[in-house]
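Quantities reported herein were computed from a predicted structural model and do not represent experimental measurements. For reference, positions follow the sequence shown, starting with 1.
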Amino acid sequence: QVQLVASGGGSVQAGGSLRLSCAASGYMYRPQYMGWFRQAPGKQREGVAATAIEIISSTIAESVKGRFTISKDNAKNTVYLQMNNLRPEDTAMYYCAAGLNDQLGAAQMLATDEYNYWGQGIQVTVSS
């Protein structure tokens, strides 16, 4: 069982920045991918960014490309989502997730079905 503990959300004004962190622990088999997803009220959960853990491979959703960056620190079993130039439409509950499948393509890396474990949601609110 993988435990994911996320932190770093909050409220900012448009144009501001936040960094989310997600630490993984308790696993017997190391996750192959970790990702960030978000869900706004009344909308489906969507993939924001994801990264492979043991190889260099990551992907970012088009809606946040150029503003959000995903990074990892394998020594700390932690993945980060740096969010810059935040917009009101980025307001959502953000979730980190870990998946055990390997060799995912870019689209698969942002698909909720590819992830086995989910952390608690973190609220990100961007005001105009």
| said: Tell me the closest heavy-atom pair linking G119 and Y95, and the distance in Å. | reply: O-CD2, 3.7 Å

| task | Just jot down the salt bridge (charged side-chain N to carboxylate O under 4.0 Å, His left out) partners of E46, sequence neighbours excluded, or say none. | result | R38

| So which heavy atom on N85 is nearest to which on D90, and how close? | O-OD2, 4.5 Å

| note | Applying ring pair (Phe, Tyr, Trp, His ring centres under 6.0 Å) to Y94 and not counting sequence neighbours gives none

| task | Determine, using the 4.5 Å side-chain heavy-atom cutoff (strictly less than), whether V64 and V79 are members of one ILVMFWY cluster. | result | yes

| Minimum side-chain heavy-atom gap R30-N74 below 4.5 Å | yes

| Rounded distance [0.5 Å steps], OG in S25 versus CD in Q1 | 10.5 Å

For residues 50-59, tabulate all N or O donor-acceptor pairs below 3.5 Å that involve a side-chain atom, not counting sequence neighbours.
from, atom 1, to, atom 2, distance (Å)
T51, OG1, S57, O, 3.4

| If you look at every heavy atom in M109 and F37, which pair is closest and at what distance? | O-CZ, 4.2 Å

| message | Give me the atom names and distance for the closest heavy-atom approach of A61 to G47. | response | CB-O, 3.5 Å

| In terms of hydrophobic clustering (I, L, V, M, F, W, Y; side-chain heavy atoms under 4.5 Å; direct or indirect links), are V48 and L110 co-clustered? | no

| task | Report yes or no: do Y117 and Y33 belong to one cluster of Ile/Leu/Val/Met/Phe/Trp/Tyr joined by side chain heavy-atom distances under 4.5 Å? | result | no

| said: Suppose clustering is done on Ile, Leu, Val, Met, Phe, Trp and Tyr with side-chain heavy atoms closer than 4.5 Å. Which residues sit in the same group as Y29? | reply: M28

| task | Calculate, to the nearest 0.5 Å, the distance between atoms CG and OH belonging to L100 and Y115 respectively. | result | 11.0 Å

| request: Supply the atom-to-atom distance L20 CG to Q82 CD, rounded to the nearest 0.5 angstrom. | output: 9.0 Å

| remark: Here the gap from K72 atom NZ to T78 atom OG1, rounded to the nearest 0.5 Å, amounts to 12.5 Å

| Is there a donor-acceptor contact under 3.5 Å from the side chain of T125 to the main chain of T91? | no

| query | Considering all heavy atoms of both residues, which atom of Q3 and which atom of G26 are nearest to each other, and what is their separation? | reply | OE1-CA, 3.5 Å

| Closest contact, heavy atoms only, A98 versus L4 | N-CD1, 3.6 Å

| Is it true that M93 and L86 fall in one hydrophobic cluster, defined by side-chain heavy atoms closer than 4.5 Å? | no

| message | Once rounded to the nearest 0.5 Å, what's the spacing between atom CG of L81 and atom CZ of F68? | response | 6.0 Å

| If Ile, Leu, Val, Met, Phe, Trp and Tyr residues are connected whenever their side-chain heavy atoms lie under 4.5 Å apart, and connections chain through other members, are I60 and M34 in the same group? | yes

| said: Go through it in stages, so that I can follow the logic: the residues are R45 and W118, the test is side chain to side chain contact (heavy atoms under 4.5 Å, CB included), and I'd like the CA-CA distance, side-chain angles, deciding distance and then a yes or no. | reply: CA-CA 12 Å; R45 191 170 297 187; W118 293 83; 3.3 Å; yes

| Under 3.5 Å, is there a donor-acceptor pair between the side chain of Q120 and the main chain of V5? | no

| task | Taking side chain to side chain contact (heavy atoms under 4.5 Å, CB included) as the test, write out the residues that go with Q108, two or more places apart. | result | L104, E114

| task | If a pair satisfies side chain to side chain donor-acceptor pair (under 3.5 Å) and one of its residues is in residues 4-21, list it, with sequence neighbours excluded. | result | S17-N84

